[in-house]
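Side chains are part of it too, since the values below use all heavy atoms of this structure and drop only hydrogens, waters and symmetry mates.
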Amino acid sequence: MREWWNWQTRKTKDLVAARLWGFESPLSHTHTMLDLHYLTEHFDEVRQRTALRHVEIDFEELAVLLETRRNLIFQAEAARFEQRQDQERIKAIDKSSPEFLELRNQLRELSTRAKLLDDQRKEVVDTLQQRLLYIPNLVHQSVPQGRDSSDNAVIRVWGAPRQFDFPPRDHVDVGELLGLLDMDRAGKVTGARFAFLKGALARLSHVLVDFMLELHTKQHGYLEILPPFLVNEASMMGTGQLPKFREDSFQVDSYFLVPTAEVPVTNYHRDEILDEERLPIKYVAYSPCFRKEAGSYGIDTRGLIRQHQFEKVELVKFSHPDTSYQELESLVADAERVLQLLGLPYRVVSLCSGDLGFSAAKCYDLEVWIPSQNCYREISSCSNFEAFQARRANIRYRSPDGKPQHLHTLNGSGLAIGRTIVAILENYQNADGSLTIPTALVDRMKTDKLVGPQGA
RNA sequence: GGAGGAGUGGCCGAGUGGUCGAAGGCGCUUGACUCGAAAUCAAGUGUGCUCGUUUGAGCACCGGGGGUUCGAAUCCCUCCUCCUCCGCCA
């Protein structure tokens with residue numbers, strides 16, 4: 001616990017951050033993404049399974065670090081042991097005698113040597129932990145192997161894309177024609193990748209939030225939780241956004257704007273030991289999400305698909321390891337239910353090994369039909385992280401007879417609001433520019449149709 | 001933002017330089033008693049790591065980091081967090 005890594009001391013940028021924000025350790029424990037024992041004992045297996053992701057990891061260096069660590073721990077502990085033995089002796093000696101002075105001088109040297117070994121041990125452990133932070137989670141056996149999104153496996157398809165008897169407009173045109181969407185002024189007021197929603201479209205946004213929250217709490221057994229929208233460094237570490245994806249995050253002083261409610265909600269139980277019988281714990285949380293979308297320049301620049309700020313209803317589960325894959329299936333089903341009730345055609349794909357997110361062991365994407373692009377686009381991402389986040393965030397459960405064990409965490413969008421609006425605008429548009437409101441939302445929207453232009 | 005107080009094991013809470021991984025209590029486990037339960041009695045009950053085939057042995061951990069010392073839960077510095085009071089504010 002104490003020898004927990006000052007990983008940030010290795011990176012100038014992070015060192016500056018550490019000073020600036022006044023923290024020493026973003027995490028309060030030594031846990032890493034990969035279990036150290038498992039890594040040591042299944043080294044080749046980890047190497048092979050990591051290779052499935054097509055990421056560059058220096059396993060040669062890792063092997064050396066593991067061996068060095070083991071040796072230094074052994075030596076440091078031996079030195080400490082010797083020191084302790086002599087300390088027992090000096091306690092019994094008269095403090096004014098010459099023997100005392102002599103032994104004290106010896107001990108001074110011994111102490112220095114032990115400290116030195118201990119420092120070396122710490123340094124190696126720090127380096128090792130630092131490296132481990134950048135190793136992605138192991139992929140689950142059921143994940144299809146592949147390089148990129150073209151290798152993802154379509155699991156099932158729901159609904160049929162609507163046949164239009166007119167050329168469908170994209171969501172920006174539908175929204176602007178209705179006078180309810182203003183991308184231009186968002187550019188003026190803030191910049192690219194922001195939007196103004198107005199009137200009934202703004203209403204649609206929070207109606208969708210309410211609709212989803214009600215569905216998941218009343219019918220799927222989730223507890224609603226409204227989290228902070230700013231989180232600290234340790235939380236970003238806990239769920240795996242940091243240290244690798246710092247450039248994707250917006251920061252305010254020492255805080256981070258949440259990229260997803262997953263971060264505050266998963267970290268809700270950080271450093272806790274939960275009773276086994278409480279599992280699974282299921283939360284549903286609304287939050288705005290802030291992402292820099294670094295590296296996506298030129299992609300989805302038009303419209304609401306890829307924004308720096310969007311809203312989302314997120315499902316988060318804390319599961320017993322034995323049942324986490326059943327929980328993943330039901331989580332996906334819960335998210336799918338939203339699309340079904342909204343009458344939006346979609347498909348479920350299992351991400352291949354090369355397309356899988358850093359922290360996920362397995363991930364299903366829900367992709368909704370987007371008429372203007374004539375393809376399915378991601379609207380939800382449902383992942384099982386197994387113990388990866390639980391190790392980082394130190395979230396465990398205790399069985400009545402056993403020791404504390406890391407539990408499994410899962411989460412998924414249920415759903416992303418912005419993209420749901422995109423899907424509704426496109427799939428429910430009419431030739432005359434009006435918009436039909438999905439039946440499930442008519443009561444909340446107080447109307448079954450939007451006719452433009454409205455507002456100014 | 002200003003002033004003061006506090007951070008100890010699953011929980012509460014003692015402990016101000018070595019005899020403290022840490023009293024005591026609660027909780028939990030096991031055993032005794034009981035037809036059974038409660039109550040009572042007895043024993044046990046932290047985490048991580050290293051070595052060892054096993055029994056086991058060792059090291060570290062009292063909010064984080066650093067320092068003083070032969071030796072730190074205990075002394076010093078620093079950071080974080082929480083609480084109380086004042087100020088400001090949706």
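- Across the C1' atoms, rC41(B) and rC80(B) are found 46 Å apart, a figure rounded to whole Å.
- OP1 or OP2 of rG48(B) has not a single side-chain nitrogen or oxygen of His37(A) nearer than 4.0 Å.
- Here rA14(B) sits opposite no nucleotide as a Watson-Crick or G-U wobble pair (both hydrogen-bonding atom distances under 3.5 Å).
- With rounding to whole Å, Ile93(A) atom CD1 is found 14 Å from rC70(B) atom P.
- As a whole-Å value, the separation of Leu103(A) CG from rG18(B) C1' is 14 Å.
- rU54(B): no Watson-Crick or G-U partner with both key distances under 3.5 Å is found in any strand.
- Here Gln83(A) lies in heavy-atom contact (under 4.0 Å) with sugar-phosphate atoms only.
- Rounded to whole Å, atom P of rG48(B) lies 14 Å from atom CG of Asp271(A).
- Of the listed residues (Glu262(A), Arg392(A), Gln389(A)), just one forms a side-chain hydrogen bond (donor to acceptor under 3.5 Å, both in side chains) with Thr409(A), and that residue is Gln389(A).
- Classified by interplanar angle (parallel below 30°, tilted 30° to 60°, perpendicular above 60°), the ring pair His308(A)/Phe194(A) is tilted.
- Only the C1' atoms considered, rG13(B) is 8 Å distant from rG24(B), to the nearest whole Å.
- Gln106(A) has its CD atom 14 Å from the P atom of rG71(B), to the nearest Å.
- Taking atom P on both rA22(B) and rG46(B), the two are 10 Å apart, rounded to the nearest angstrom.
- For rU69(B), the OP1/OP2 oxygens have no side-chain nitrogen or oxygen of Ser111(A) closer than 4.0 Å.
- Using a 4.0 Å cut-off, no side-chain N or O of Arg121(A) falls inside it from OP1 or OP2 of rU50(B).
- Candidate nucleotides rG21(B), rC51(B), rG71(B) were compared by shortest atom distance to the side chain of Arg84(A), and rG21(B) ranks first.
- The pairing partner recorded for rA37(B) is none, the criterion being a Watson-Crick or G-U wobble arrangement whose two distances lie under 3.5 angstrom.
- Here the two rings, on His269(A) and Tyr283(A), have centers that are under 6.0 Å apart.
- Look at rA43(B): its Watson-Crick or wobble partner, with both distances under 3.5 angstrom, is rU29(B).
- Distance, Glu41(A) CD to rC51(B) P: 10 Å, rounded to whole Å.
- Remark: rC62(B) base-pairs with no nucleotide in the shown strands. Criterion, Watson-Crick or G-U wobble with two distances under 3.5 Å.
- With a cut-off of 3.5 Å on both pairing distances, rC20(B) has no Watson-Crick or G-U wobble partner at all.
- For the P atom pair drawn from rU47(B) and rG52(B), the interatomic distance equals 23 Å after rounding to whole Å.
- The gap from the C1' atom of rC28(B) to that of rG10(B) amounts to 9 Å, rounded to the nearest Å.
- Only the C1' atoms considered, rA60(B) is 14 Å distant from rA72(B), to the nearest whole Å.
- Under the 30°/60° scheme for interplanar angles, the aromatic rings of His216(A) and His220(A) are found to be tilted.
- Salt bridge Arg84(A)/Glu88(A): absent, no basic N to carboxylate O contact under 4.0 Å.
- Listed candidates were rU69(B), rG66(B), rU50(B). Nearest to the side chain of Ile73(A) is rU50(B).
- Residue Glu77(A) places a side-chain atom within donor-acceptor reach of the base of rG58(B), judged by atom type and a 3.5 Å distance cut-off alone.
- Base pairing annotation: rC88(B) forms no Watson-Crick or G-U wobble pair, as no partner gives both donor-acceptor distances under 3.5 Å.
- Taking atom NZ of residue Lys91(A) and atom P of nucleotide rG71(B), one finds them 13 Å apart after rounding to whole Å.
- As rounded to the nearest Å, rA43(B) and rG48(B) have C1' atoms that lie 27 Å from one another.
- In a base pair of the Watson-Crick type (N1 to N3 plus N6-O4 or O6-N4) or a G-U wobble (N1-O2 and O6-N3), with each distance short of 3.5 Å, rU81(B) is matched with rA6(B).
- Residue-level contact check: Arg80(A) touches the backbone only, with heavy atoms under 4.0 Å from sugar-phosphate atoms and none from bases.
- Of the candidates Arg306(A), Arg193(A), Gln307(A), Glu293(A) forms a side-chain hydrogen bond (donor to acceptor under 3.5 Å, both in side chains) with just one, namely Arg306(A).
- What separates CD of Glu272(A) from C1' of rU47(B) is a distance of 17 Å, to the nearest Å.
- Side-chain contact between Phe59(A) and Phe43(A): present, with at least one pair of heavy atoms (C-beta onward) separated by less than 4.5 Å.
- Among the nucleotides rU47(B), rC59(B), rU50(B), the one closest to any side-chain atom of Arg69(A) is rU50(B).
- Rounded to whole Å, the C1' atom of rG71(B) lies 31 Å from the corresponding atom of rC12(B).
- The nearest whole Å value for the distance from the CG atom in Asn105(A) to the P atom in rU69(B) is 12 Å.
- Checking the phosphate oxygens (OP1, OP2) of rC70(B), a side-chain nitrogen or oxygen of Arg108(A) falls inside 4.0 Å.
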